[in-house]
> 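Okay, here's the structure, questions in a sec.
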Amino acid sequence: MLRIHNSLTGQAEPFEPLVPGQVRMYVCGITVYDYLHLGHMRMFVVFDVVRRYLRHAGYAVTFVRNITDIDDKIIRRAAQNGEPIGELTARYIAAMDADAARLGVERPDIEPRATDYVPQILALIARLIERGHAYVAASGDVLYSVASFPAYGRLSGKRLADLRAGARVEVEESKRDPLDFVLWKRSKPGEPTWESPWGAGRPGWHIECSAMSTALLGEYFDIHGGGMDLKFPHHENEIAQSCGASGHPFVKLWMHNGFVNVDDEKMSKSLGNFFTVRDILPRLRHPEVLRYFLVGSHYRGPIHYALLQLEQADAALDRLYTALRDLPLAAPPAGRSIYRQRFEAAMDDDFNTAEAVAVLQTLAREINTLRAAGKLPQAAAWAAEFRALAGLLGIAQLDPGEWFRLSLPGEGAPLAGPSDAQVEEKIRARLAARKAKDFAASDRLREELAAQGVLLEDQPGGLTTWRRK
RNA sequence: GGCGCGGUAACAAAGCGGUUAUGUAGGGGCCUGCAAAGCCUUUUAGGCCGGUUCGACUCCGGCCCGCGCCUCCA
């Protein structure tokens, strides 16, 4: 039985979809004005795993992740670049897709863009005004009246009085309440605008997610996710908007992933301590290393980014691929094997991927032990099981031979080592030397390759395998 | 100040009221021509102080420390 921690109740709850057999989930994506940083990628990977596992559990999953393609930061960046907004967002959407693909993140079923949903946004705002949850301020902006929604603050555990007391928001004269937020923004000259009953303007940030999720998944759906930093105010505001408009609940289960920290601080743009995926990938043997690092800890806790962590992820993956190496294709063991049961038990416990990875490591040892005992068919069967389970996390999906031929880049540029063919040739020469019991020559060849980052491993059958370090 | 999260061994990171987490790193052994890999084994744990209990890293209370949100942010 799958249990998921619900941010709304603060507890793990048995997962039961609203419509049996179907899961509708919406995840807040990113604002496209720059490259993905590690924090974004964590969110992508976390919900990619959630989606994969729900599908594995037998649900038909509809996964929506939006793209915010209009907001202040985009407008500002486009102006800085002297670039049309559409070009800027198209560029970063393409970059986002490419980065996500390299990490093995599957495309969402639907990737709505805010600018494509302006009619729905306008309809939603009209409804909110009609129901007394929104008003047109003197400034011309349309604002949400927080006081009209008594449940405001429930998700984030905040009380209105506390929020008002600590309000650092500049109190605009036109706001009835300092906590009221913008639904429709009166546009300034030169900014992108859409016509509306309240004058030319553009959507506020929060309203787009209410409009898009409702349009695509209905007024009440199963899972809504995003980074922990969206809990307040973004998700709180979404609830106020959607429930205010519909008069009934909006989302059954809220999921929030933890931050990526650097030196114990949240990775963020304002602190300047962020690393983009494009900064990191060139330092890795393969993007999978980053994915392994991300699934190596529980999604709700913080994760500490450091190069040392990536090196450890690389070593751990190396071990997994070593277990998988040179085994014939085989069918997995019949039924729910003990490892499958342990893996699923871990995942059923609020997606405990750290535990699930530990199960895979233990399974790798089982495979190694069977192989050493000469029980290749059994080892191959477990390897097949391993692949299936690891696929749910999106790790260890390469051909092992391919993995071992990849080199670990140094600082910046990849090592310029010998080609595969050159390695093979030296191995042949060494093999001849070994046959002639000329171990001095044999060892010399091995050392030459070692100096070039190639490690040789003499297998029992007289075969020599190699790997780049 | 309000709300919330966390402090586990050399580095990461989980579960669990009593039994080996797991990976990396270190020691020893087996295997190997020697290695590597693998397997076996092993050293370093649970912020501090109390309480509950036959027994607590694991439950309860207090304290200390760190972090996050309360403002755009995955």
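To find a chain, count down the sequence lines: A is the first, B the second, and so on, and within it residues start at 1.
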> Assign A/His37 to base, sugar-phosphate, or nothing according to its heavy-atom contacts below 4.0 angstrom with the strands shown.
base

> Should A/Asp99 and A/Arg102 count as an ion pair when the cut-off is N to O under 4.0 Å?
no

> Applying the Watson-Crick and G-U wobble criteria at under 3.5 Å, what pairs with B/C3? Answer none if nothing qualifies.
B/G68

> Categorize A/Asp264 for me: base, sugar-phosphate, or nothing, with a 4.0 angstrom heavy-atom threshold over every strand shown.
sugar-phosphate

> Is A/Gln312 touching bases, backbone alone, or none of the nucleic acid, heavy atoms closer than 4.0 Å?
base

> If we take the C1' atom in both B/U71 and B/C3, what is their distance in whole Å?
16 Å

> Indicate, with a heavy-atom threshold strictly under 4.0 Å, whether A/Phe259 touches base, sugar-phosphate, or nothing.
base

> My understanding is that a pair needs two contacts under 3.5 Å, Watson-Crick or G-U wobble. By that rule, which nucleotide pairs with B/C48?
B/G62

> Separation of A/Tyr152 atom OH from B/C70 atom P, in whole Å?
11 Å

> Let me know, please, whether A/Val357 or A/Ala354 comes out on the 5' side of the other along RNA chain B by nearest nucleotide.
A/Ala354

> Does a side-chain heavy-atom distance below 4.5 Å link A/Tyr305 with A/Ile280?
yes

> Distance check, P atoms only: B/G18 and B/C30, in whole angstrom units.
36 Å

> Over all strands shown, is A/His256 touching base, sugar-phosphate only, or nothing at heavy-atom distances under 4.0 angstrom?
nothing

> Looking at every strand, decide which applies to A/Gly258 at a 4.0 Å heavy-atom threshold: base, sugar-phosphate, or nothing.
base

> Using only side-chain N and O atoms of A/Asn261, determine if any of them is under 4.0 Å from OP1 or OP2 of B/C67.
no

> With a 4.0 Å cut-off on heavy atoms, is A/Val27 in touch with a base, just the backbone sugar-phosphate, or nothing at all?
nothing

> Taking the side chain as every heavy atom from C-beta outward, state whether A/Phe44 and A/Ile30 have any atom pair closer than 4.5 Å.
yes

> Report the base-pairing partner of B/A21 (Watson-Crick or G-U wobble, both distances below 3.5 angstrom), or none.
none

> Can you check the A/Met228 CE to B/G6 P distance for me, whole Å?
9 Å

> Between A/Asp348 and A/Tyr53, is there a side-chain donor-acceptor contact under 3.5 Å, judged purely by atom types and distance?
yes

> Using the P atom as the point on both nucleotides, what is the distance between B/U41 and B/U22, in whole Å?
10 Å

> Treating A/Asn257 as the side-chain partner and A/Arg300 as the backbone partner, does any N or O pair qualify as donor plus acceptor under 3.5 Å?
no

> Say you pick atom C1' in B/C72 and the same atom in B/A45; how far apart are they, in whole Å?
41 Å

> Is there side-chain contact between A/Leu327 and A/Ile367, with heavy atoms separated by less than 4.5 Å?
yes

> Taking the same atom, P, in B/C16 and in B/C60, what whole-Å distance lies between them?
14 Å

> Can you tell me how far the OG atom of A/Ser337 sits from the CD atom of A/Glu385, to the nearest 0.5 Å?
3.5 Å

> Hey, are the side chains of A/Leu38 and A/Leu290 touching, using non-hydrogen atoms and a 4.5 Å cut-off?
yes

> Rounded to whole Å, please give me the gap between CG in A/Leu230 and P in B/A74.
6 Å

> Under 3.5 Å for both donor-acceptor distances, Watson-Crick or wobble: does B/A14 have a partner, and if so which one?
none

> Can we call the ring centroids of A/His235 and A/His256 under 6.0 Å apart?
yes

> What is the nucleic acid contact for A/Gly226, judged by heavy atoms within less than 4.0 Å: base, sugar-phosphate only, or nothing?
sugar-phosphate

> Using purine N1 to pyrimidine N3 plus N6-O4 or O6-N4 for Watson-Crick, or N1-O2 and O6-N3 for G-U wobble, both under 3.5 Å, which nucleotide pairs with B/A36?
none

> When the P atoms of B/A21 and B/G47 are considered, how many whole Å apart are they?
16 Å

> Just the rounded figure in Å: distance from P of B/C72 to CD1 of A/Ile207.
16 Å

> Pairing donors with acceptors under 3.5 angstrom, does anything connect the side chains of A/Tyr292 and A/Gln312?
no

> Have a look at A/Gln361 and say if it touches a base, only the backbone sugar-phosphate, or nothing, with a 4.0 Å heavy-atom cut-off.
sugar-phosphate

> Could you tell me how far B/U58 sits from B/G15 if I compare only their C1' atoms? Round to whole Å.
10 Å

> Between A/Lys231 and B/G68, is there a side-chain N or O to OP1/OP2 distance below 4.0 Å?
no

> Roughly how far apart, to the nearest Å, are B/U20 and B/U42 at atom P?
10 Å

> Using a cut-off of 4.0 Å between protein heavy atoms and nucleotide atoms, how would you tag nucleotides 27-39 of chain B 5' to 3' with B, S and -?
------BBBBSSS

> Looking at every strand, decide which applies to A/Ala316 at a 4.0 Å heavy-atom threshold: base, sugar-phosphate, or nothing.
sugar-phosphate

> Round to a whole Å and report the spacing from CD of A/Glu311 to C1' of B/U24.
10 Å

> Measure from CG on A/Leu363 to C1' on B/G23 and round the result to the nearest Å.
15 Å

